Amino acid sequence: SNNFNEYCGKLINFSDGLSNFSNLAITFYFKDELHLTPSQSALIQSILSFPHILKPFFGFISDVFPFFGFKRKSYLLLNSIIIFISWMILSLFNLSLYSTVIVLLIKSICKTFLNACSSAVLVEISKNRKHDKDEKKLEKFNTSIIYINLGTILSSTTRGIALEYFPNHVMFFISGVLSCLDIAAGIMYQENKIKLKQCGDNNDNNSNTNNNDTEFSYNKKGSCHKLYEIIKRREILLLSLYMLIMTLAPSYYESSFYYLTDKKGFTRRDFGYLTIILMVLFLINSVINKNYLNKYSKKKVIISMTIISFLFSSLYYIYITLDLKPKIIVFIGVSLYISFKSLGVKPIFNLAFLACPKGYEGTIMGLFYSLRDFGDTCASLMGSWMAYYLDIQKDNYKNYGNMVLIINLISLLPICFIGIINDKSIIAI
């Protein structure tokens, strides 16, 4: 059963990578069909990212409150079906701006819940064999994440071509079809059905009633108290704080998109190529992290990756300041900047995985993913505010270089707080 569920977990991760297929199409849809400005587009993207901060709440629901007798399976199925319906609505109807945002927001909520459940499944599968050492469990965890990169590479490769030939609505329809993989994984996922009992009926938790059912009793207040005791541990609090610090630097993604399309003539295919390069680098990152970086101090990895990503982001700043023409500079500077930045975040998730307690996998991993997403949302909002304050518009990019320089310098600040992380203390939990 566990081996079968490992395949389901890999399918869920692979499908998660494929879910990025229409991300760029949505950005072009905002720009070309809804005629939004860079700051408006960044604001809406931030609103759509807001549900990501609810990931610990969704993880806690999945950990403690079974739905139709299952902790994971029912939630996987329900959210996958709603995501499919959302994509179909976007593809078949010409919606207003507000209707589009509402549908995308519902999809984002369900996607967040789905990711919280799938993260819990991934941790459960990786930690299932009690006799494996922590290094072996962590290796299995990072191996599963590679399937997300594989799915993202496939979606990035195909969307780079598809964006040239298909309108946005067709891209949305294809995403709906791809989301059926999550539905299939939810159907195939094997999980013992949980038979709820009234609290106090029996002190035995997880006692078998037959081959297919597991009795499971819980106390809502007690579960919340236990979660509080886990989260308030100094190691987890400080690790959470550092995750937030790392991701709170303002973002210039939305402004870059408009700058590169309006001023530098980047086409959909160019963005497709850039995304493919990024996804290949992310796959390489996952392999490097799994086979090499795990052997070194997490703090040293974070410091070195932060500095290297800053150097490549400076290359992009030079490209803007000197008004250079070769697109290859953008491909190298931007892709390697994002790539090394992501490598700097991986040690945080590795430590979170090792500190994750049994029974609260969805909650704790959801906490760290939500902190990252919350930081990204705030970064997008701050980037939107900076673009507005510096008067960066479609016909005015005079201050764009200054914005990039300021953000690049801010990205170095997390190094000053690296001392709050204690590798050995976290691993010892």
Side-chain angles (χ1 to χ4, degrees), residues 1-17 19 51-80 83 109-130 132 134 137-138 140-148 181-183 185-194 205-206 214 216 218 220 223-224 226-227 230-231 236 239-240 243 348-373 429:
S1 175
N2 186 65
N3 290 334
F4 184 81
N5 281 346
E6 284 189 28
Y7 290 113
C8 288
K10 292 173 182 177
L11 179 59
I12 292 172
N13 288 336
F14 183 67
S15 178
D16 188 27
S19 67
H52 295 171
I53 69 174
L54 300 175
K55 199 169 288 185
F57 173 71
F58 294 144
F60 179 66
I61 292 175
S62 176
D63 285 338
V64 178
F65 301 100
F67 181 56
F68 284 101
F70 296 101
K71 290 178 65 178
R72 315 293 184 201
K73 187 181 182 76
S74 298
Y75 290 118
L76 290 172
L77 276 172
L78 175 64
N79 289 288
S80 300
I83 291 171
I109 292 171
C110 293
K111 183 63 179 174
T112 303
F113 206 148
L114 180 67
N115 286 344
C117 293
S118 60
S119 296
V121 168
L122 178 58
V123 175
E124 287 175 344
I125 292 171
S126 301
K127 286 191 170 185
N128 188 60
R129 292 183 173 88
K130 298 180 180 180
D132 286 349
D134 284 345
K137 294 175 181 178
L138 186 56
K140 186 183 293 185
F141 174 70
N142 287 313
T143 300
S144 298
I145 292 177
I146 290 176
Y147 285 86
I148 299 177
L181 289 176
D182 285 322
I183 299 176
I187 294 172
M188 293 187 296
Y189 185 70
Q190 296 180 358
E191 181 181 5
N192 288 334
K193 193 169 184 180
I194 292 170
N205 292 336
N206 301 324
T214 299
F216 176 80
Y218 65 88
K220 296 178 183 178
S223 297
C224 293
K226 183 177 179 181
L227 175 62
I230 293 169
I231 293 178
I236 291 182
L239 189 63
S240 302
M243 171 64 83
I348 305 294
F349 285 108
N350 288 339
L351 289 171
F353 169 82
L354 292 173
C356 198
K358 184 175 179 58
Y360 286 86
E361 296 89 352
T363 309
I364 300 303
M365 290 306 294
L367 171 65
F368 283 93
Y369 280 113
S370 72
L371 288 172
R372 181 199 63 184
D373 295 335
I429 294 179

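Because the structure is a prediction, the values reported are computed rather than measured.
- Rounding to the nearest 0.5 angstrom, the gap separating the CD1 atom in I236 from the CG atom in L239 is 8.0 Å.
- The two residues D182 and S80 come nearest to each other via the heavy atoms CB-OG, 3.2 Å.
- Summarising the geometry, atom CD1 belonging to I83 is positioned 11.0 Å from atom CD1 belonging to I109; distances are rounded to the nearest 0.5 Å.
- For L76 against G186, the heavy-atom pair with the smallest separation is CB-CA, 4.3 Å.
- A donor-acceptor contact shorter than 3.5 Å is absent between the side chain of S62 and the backbone of C117.
- More than 12 heavy atoms of other residues, nucleotides or ligands shown are found within 6.0 angstrom of CZ on F67.
- At least one side-chain heavy atom of F349 sits less than 4.5 Å from a side-chain heavy atom of M243.
- With values rounded to the nearest 0.5 angstrom, C8 atom SG is found 11.5 Å from N13 atom CG.
- Rounded to the nearest 0.5 Å, atoms CG (N115) and CG (D16) are 4.5 Å apart.
- The one candidate from F113, F70, F68, F58 that meets the side-chain contact (heavy atoms from CB on, under 4.5 Å) condition with Y75 is F113.
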Test log, rule side chain to side chain contact (heavy atoms under 4.5 Å, CB included), inputs M188 and L11: CA-CA 10 Å; M188 293 187 296; L11 179 59; 3.6 Å; yes

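- Rounded to the nearest 0.5 angstrom, K55 NZ and L114 CG are separated by 9.5 Å.
- Residues S240 and L367 come closest through the heavy atom pair OG-CD2, 3.9 Å.
- Residues forming a salt bridge (Lys or Arg N to Asp or Glu O under 4.0 Å) with K73 (at least two apart in sequence, or on another chain): none.
- In the displayed structure, Y147 atom OH is contacted under 6.0 Å by at most 12 heavy atoms of other residues, nucleotides or ligands.
- Counting all heavy atoms, side chain and backbone alike, S118 lies closest to I12 at CB-CG2, 3.3 Å.
- For F14, there are no ring pair (Phe, Tyr, Trp, His ring centres under 6.0 Å) partners at least two apart in sequence or on another chain.
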